[in-house]
Amino acid sequence: MSDRHTAESIREELTHRDNQSLSARITENPEPFLRWAVPMVALIAVEFATWAGIAVGMIEALVVGVVAAVELTLNYASPGLAQVVADFQAGVAGMLRSVGGMLGEFPTLLSREVIPNQGHQTPDGAWQGTFLGLQPAVAWAIRFSLIMLYALVTAYWVFRGWLVYRDHYRESDWTPTDDIVSNLRGHRWGQFGIIVLIVFLTMAAFGSALAPSTVSQNIENTYGDESRIQYLSDDGTVETAFAGDANFNSKSKGTVETNIGLMSYDDYSRFHPFGTMPNGRDLFTFMMGGARITMIVSGMAITGAAVVAMTLSMLSAYYSGSLDLGVLTVADGVVSIPQLLLLIIMSAVFADTWLGSILDGGFLLALIFAFTTWPFLWRAVRGPALQVAQEDWVRAAESYGQQPRKIMRKHMLPYILGYLLVYASMSVGGIIISLSALSFLGNGLGISPPTPAWGRAISAGQSYVSTVSWHISLVPGLMIVLLVTGMNALGDGIRDAIDPETETGEGEEAAAGGGG
Amino acid sequence: MIFGITLSFLILYLGPIDPVGSILGRQATAADIRQLRIELNYIDAAGNPVPLWEQYFRVVGDLLMLDFGESWTIQRETPVTELIIDRMPATLWLGFWSVVIALGVGIPLGLYAGLRANTFRDYASSGFGIIWRAMPNFWLAVIISGLITAGGALGFYRTAIVETQVSGTPDALNNLFTNVDIFTGVPYLELLSIPVPNPGPWFVATKWILPAALVLGSSSMGNEVRIGRTAVLESINSKYVETAKAKGLSSRRIIGKHVGRNAVIPLLPVIMGEFYLLIGGSVLVEAVFGINGLGNLFFNAVLGPDIPLVMALVFIFIMIQILFNISQDLLYTYIDPRINLGESE
């Protein structure tokens, strides 16, 4: 009788303990929350259009992903139905895009309009059209630094939010996350990784405001209505030209006469922080566009791979036996083909399908990368998953009659999530490198032009490395090195934070990290 | 292994590519197309599509019998084997030197960093390894080949001692060996000859390939530095090294016998895994340096699409990898007698 009572009360405690929702806890003691939330709202409000754009973009990606999965399965059953689904997808995407365009109309503080850097000199030497009449370079530098500062402050404030939650509103006094965070706070190398990640995410999200020009004006639609620029011509009058014509006269072709190097102006008073490309486009603008597609594709790929690896590792550890063997066979099969070869085969084969047209080929690449990466992640977390499946608490939950799904989520997942995070951030470097390698190889592989991709910039500058136009290949490569180093540092940091005592699994993570 | 082959088969045969179209071009008549489809075993003589499983068993069976068939698009009706053998030397030469560079630089550097842990030099060489690891192979190839071409900062490399090109396949590869008949006059043995290395072409070919090999070896080199360092650190802090020190062994003997040997164990999979990286990397490096090797052949075959060639190359790569895995297990038992082969993981 008393045993039963205890079990009942434990269950009571486990399920209904402190049954007070977060909002109730906040209303009870609103002050810390308000002190955090008001600046946060202000931070978001200043850049509302950008955040809304990101949200809409994410929803769109989600819709595309889900619909693609549905469509792929339907295609075998009934192509007509699949077509309907495809139309539905196009409709939703169009609607989302118009919503995004509407939200984009909201004023933002750190935009090209508020701090413009595109202007021209008047015959008397003063600058017109730029921020406060400053030089374009200075105006651009101000905007660039402000946006980066904004992004770092916002990221810090989000972290502050977690601190506020921890100190004032969380029910338990301590969770393992606290230790991880406090370990990370003393880990400079890991913090370097976090900052690199934030900087590159900022480039992806705020790219059009960070760059001296926009992708549309400078790269994709150089003869459009919005691509007219004014400049001071040699005979002292202010004239108007298309960005395309200006690009034509601003090429970096390796000789001293035809080179716009780092931190220099062209004849049209346009400032090029990273110089121009062989076709006269602004390399910095190109890099920002490339950052966007790189972060989106590698983010989607690693998320997909991690989800698959996580699910399969828990399933195979929990049920083991033939399921484990089956997954092992499939994983070994995928791994047995050298990764880059499989990537080349798959992207060449599927390049001409409709999948290859979503996100300029990025969606297909993300799928392929997820497909080729999950076995590595699965291998890395299989050990910990098998270990945790043997633990007493899993047995206890089993005997208690909990559903397998719940056991996996509540008792196994928290344990392997850390490992997964470590290996995922180690593998994402390989994905970034391979992605740019595919774009470098070209021939229909990689991101389809004219959408900027880092690999294509390296390829464009290949014949100018030993000339004065060395910046074209060098700068994109350095960006990749920085990003990949940062991601590896992040992985190191998380690993040390989770388990400061040991350094585990060096061999596997090395295998996961090595890409092209 | 079979699954790897199966996977590539499924991708290539179920995927939306049209080899028939690429072989015949746009002006093909329906009869030609039909004829070719029969030839390529997509449809049988009566015009019915050949079931997938039948194609599968035929393809895999042929591969296992080492019958690779004929090329479809790269060089029509040339045996695949011939193409592969033709391109093989360049890749082997490249791979050989890249392994030599990776092992010769990476392992000593890693051991060095581990032995002098937490000094400035350790940080310098570890930092070098970390950045080296993050460098995209193809980018490094672009930069290095650019620097070596005329007018670049390292242009002297090209002209030093013997003038060589940087890109392209070295002709000297064909004259690496001369067959010397040493048995002239000896009855019955006259036809036997042994290859003797030619120093001239040997040097030219090495100098030619060295930049590409450096790039190709770079990714595994970074790994070796990192893992070598931790492995040395781990074993240097262990009890048996302390015991050896207490016994009064010379530090050279300790490092060679106790530290080195134990540090090699975690390094072995990395060294053996190099092959995996080499295959993928060779596609890029050969593309940049313009070397006409297997990587280049593979790339063109995929774009072809030359299905028999792709299948054959994938098959060969997988086979070599299995050989490496087996030799890795054998080496393990040699280096570390505690490891028992009979045990499963």
Side-chain angles (χ1 to χ4, degrees), chain A residues 329-330 332-346 348-350 352-353 429 432-434 436-437 440-441 443-445 454-455 458-459 461-467 470 473-474 476-478 480-489 503 506-508 510-511 513-516, chain B residues 1-8 11-12 15-17 130-131 133-140 142-143 145-153 155 219-220 222-223 226-227 230-231 234 266 269-270 273 276-281 283-284 287-288 298-299 302-303 305 310 313-314 317-318 321-322:
Chain A
T329 318
V330 176
D332 277 357
V334 177
V335 169
S336 72
I337 308 174
Q339 200 178 3
L340 197 71
L341 300 198
L342 189 58
L343 286 172
I344 293 176
I345 296 180
M346 288 184 74
V349 166
F350 293 106
D352 292 335
T353 56
I432 292 164
I433 290 179
S434 307
S436 53
F440 172 81
L441 284 173
N443 279 323
L445 309 178
W454 290 347
I458 297 179
S459 164
Q462 195 177 343
S463 37
Y464 304 110
V465 172
S466 59
T467 67
W470 44 266
S473 281
L474 193 74
L478 289 180
I480 296 175
V481 171
L482 180 65
L483 177 57
V484 174
T485 310
M487 294 316 288
N488 287 344
E503 291 193 38
E506 285 271 3
E508 279 168 290
Chain B
M1 176 198 99
I2 290 294
F3 191 84
I5 305 275
T6 311
L7 183 70
S8 10
I11 295 172
L12 289 173
I17 44 174
I130 286 167
I131 293 176
R133 212 165 83 95
M135 279 187 196
N137 252 338
F138 68 94
W139 175 68
L140 205 60
V142 166
I143 297 297
S145 72
L147 288 181
I148 292 174
T149 49
S219 51
S220 26
N223 288 340
R226 243 167 90 88
I227 290 159
T230 28
E234 243 160 56
V270 187
Y276 192 83
L277 295 174
L278 290 188
I279 293 292
V283 176
L284 291 163
V288 176
F298 174 82
F299 184 55
V302 170
L303 291 179
V310 176
L313 284 170
V314 168
F317 291 152
I318 293 178
Q321 207 174 323
I322 289 170

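Lettering follows sequence order; numbering is per chain, from 1.
For chain B, the nearby parts of A:Leu478 are the backbone and the side chain; heavy atoms of each come within less than 4.5 Å. Proximity to chain A (any heavy atom under 4.5 Å) is shown, for B:Val142, by both the backbone and the side chain. Only the side chain of B:Leu303 comes within less than 4.5 Å of a heavy atom in chain A; its backbone stays farther off. For A:Ser436, the parts lying under 4.5 angstrom from a heavy atom of chain B are both the backbone and the side chain.
Most heavy-atom pairs under 4.5 Å with chain B: of the set A:Leu445, A:Ile337, A:Val335, this distinction falls to A:Ile337. Chosen from A:Thr329, A:Leu483, A:Leu474, the residue pairing most often with chain B at heavy-atom distances under 4.5 Å is A:Leu474.
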side-chain contact (heavy atoms from CB on, under 4.5 Å) evaluation trace for B:Val288 with A:Phe440: CA-CA 10 Å; B:Val288 176; A:Phe440 172 81; 3.5 Å; yes
Candidate pair B:Phe298 and A:Ile345, rule side-chain contact (heavy atoms from CB on, under 4.5 Å), full reasoning: CA-CA 9 Å; B:Phe298 174 82; A:Ile345 296 180; 3.6 Å; yes
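Here the closest heavy-atom approach between residue A:Pro476 and residue A:Trp454 is recorded as CB-O, 4.1 Å.
In this structure, A:Thr485 contributes its side chain and A:Val481 its backbone to a donor-acceptor pair below 3.5 Å.
For A:Val484, the side chain to side chain contact (heavy atoms under 4.5 Å, CB included) partners are A:Ile432, A:Ile433, A:Ile480, A:Asn488, B:Ala134, not counting sequence neighbours.
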